[in-house]
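Worksheet: the structure to be examined is printed underneath.
Every chain is numbered from 1, with letters handed out A, B, ... down the list of sequences.
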Number of protein chains: 2
Amino acid sequence: MTTQASLTIGRIAQSAGVAIDTIRFYEREGLLPAPRRRPSGYREYDQATVSRLRFIRRAKDLGFTLDEIRELLALSADRHVGVEGVRERAAARLLAIDERIAELQRVRDGLSELVDACPGHGAPEDCPILKALAEPNT
Amino acid sequence: MTTQASLTIGRIAQSAGVAIDTIRFYEREGLLPAPRRRPSGYREYDQATVSRLRFIRRAKDLGFTLDEIRELLALSADRHVGVEGVRERAAARLLAIDERIAELQRVRDGLSELVDACPGHGAPEDCPILKALAEPNT
DNA sequence: CTAGACCCTTGATCTAGGTCTAGAGTCAAG
DNA sequence: CTTGACTCTAGACCTAGATCAAGGGTCTAG
């Protein structure tokens, strides 16, 4: 198989593209297992940890929280119901993103109307943006 | 003009739909001017403060940060360049929202592909979601 | 007058996801 | 053997936007 050269925390931080402190933080948070230690106390990692860190980073980019990622990691190790669970979580995340996009779209449209209606000069009382923000309704 | 009945902090909190603590917080943060006080130390507000609180809430709903809102409030009081500034800030916010939507859309599409490609059962090694997350590239 | 609702201040706490500091020990190259 | 880079721990600190607690004073209806 692949060589099991032991890597220091600095090395895996470098190759996974995360900060050293972040790795120790993930360990505390249960996203990474406690690694072997040298007699000096130095942590020793292998290549698999780099993959795991990349997994975490990518999932984070997809908008998963660390809690959700912890769950995904547990599921991904489960040969039985793991895949179903992962797909479910991903689908849920997808739905949440769709909702967030729709919400932003509403905000965008509202703001866009105001910007279009504002001449950009004149008295504050005539600015539709200021008027809309000061309106008592809602 | 309108009656200048003096309102307690609880009353304006109620009618603006924010918490009492939030009002004091906004005062500390410079979003609200320090109000008059009764001899007892109680804050006394007028109707204009309710409008200002609503302004803040609406701007927040549009995604402005409190820093930006502080700026908007300052601009809205400026008869000279105020309206131009407000329109600029609103346009900038609109652009930021557009970027955020585009970014979410990219994430959404990527995730959607993975979910569609995943059968939802079988071995973890065959799950495209897990495979994509573990991939070393990027 | 009293009970209960309301208000005051200062300062701590919360979420999420880290980031930084201090002080001490370890490792590898020259 | 020394020097400089690296690592260790415990715990404080950061952003943003509040929210809460403790301990005490005030207001008002009955």
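Using a 4.0 Å heavy-atom criterion, one finds that A:Arg24 contacts the bases of the nucleic acid, with or without backbone contacts as well. Within the nucleic acid shown, B:Arg38 comes within 4.0 Å of sugar-phosphate atoms alone, with no base atom in reach, counting heavy atoms only.
Using modelled atom types, no side-chain atom of B:Thr49 and backbone atom of B:Tyr45 make a donor-acceptor pair closer than 3.5 Å.
Taking 4.0 angstrom as the limit, A:Thr8 places none of its side-chain polar atoms (N or O) nearer than this to OP1 or OP2 of D:dC6. Of the side-chain N and O atoms in B:Arg37, none sit less than 4.0 angstrom from OP1 or OP2 of D:dG25. Contact annotation: A:Tyr26 side-chain N/O to C:dG18 OP1/OP2 distance is under 4.0 Å. Of the side-chain N and O atoms in A:Lys60, one or more sit less than 4.0 angstrom from OP1 or OP2 of C:dG18.
Side-chain atoms of A:Tyr42 come within donor-acceptor range of the base of D:dC6, with a qualifying N/O pair under 3.5 Å.
Listed candidates were D:dT7, D:dC8, D:dA18. Nearest to the side chain of A:Arg43 is D:dC8. Which of D:dG17, D:dT7, C:dG18 sits closest to the side chain of B:Thr65 comes down to D:dG17.
Nearest-nucleotide positions on DNA chain C place A:Phe25 closer to the 5' end than the other of A:Phe25 and A:Ser40. Mapped onto DNA chain C by nearest heavy atom, A:Asp21 and A:Pro39 fall at different nucleotides, with A:Asp21 at the one closer to the 5' end.
Base pairing analysis places C:dT21 opposite D:dA10; the two distances defining the Watson-Crick or G-U wobble pair are each below 3.5 Å.
The structure places CZ of A:Arg70 at 11.0 Å from OH of A:Tyr26, a figure rounded to the nearest 0.5 Å. From B:Leu66, atom CG reaches atom CG of B:Leu72 across 11.0 Å, with rounding to the nearest 0.5 Å.
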Yes or no on salt bridge (charged side-chain N to carboxylate O under 4.0 Å, His left out) for A:Arg24 and A:Asp21, after CA distance, side-chain angles and deciding distance? CA-CA 5 Å; A:Arg24 290 195 279 243; A:Asp21 279 344; 3.4 Å; yes
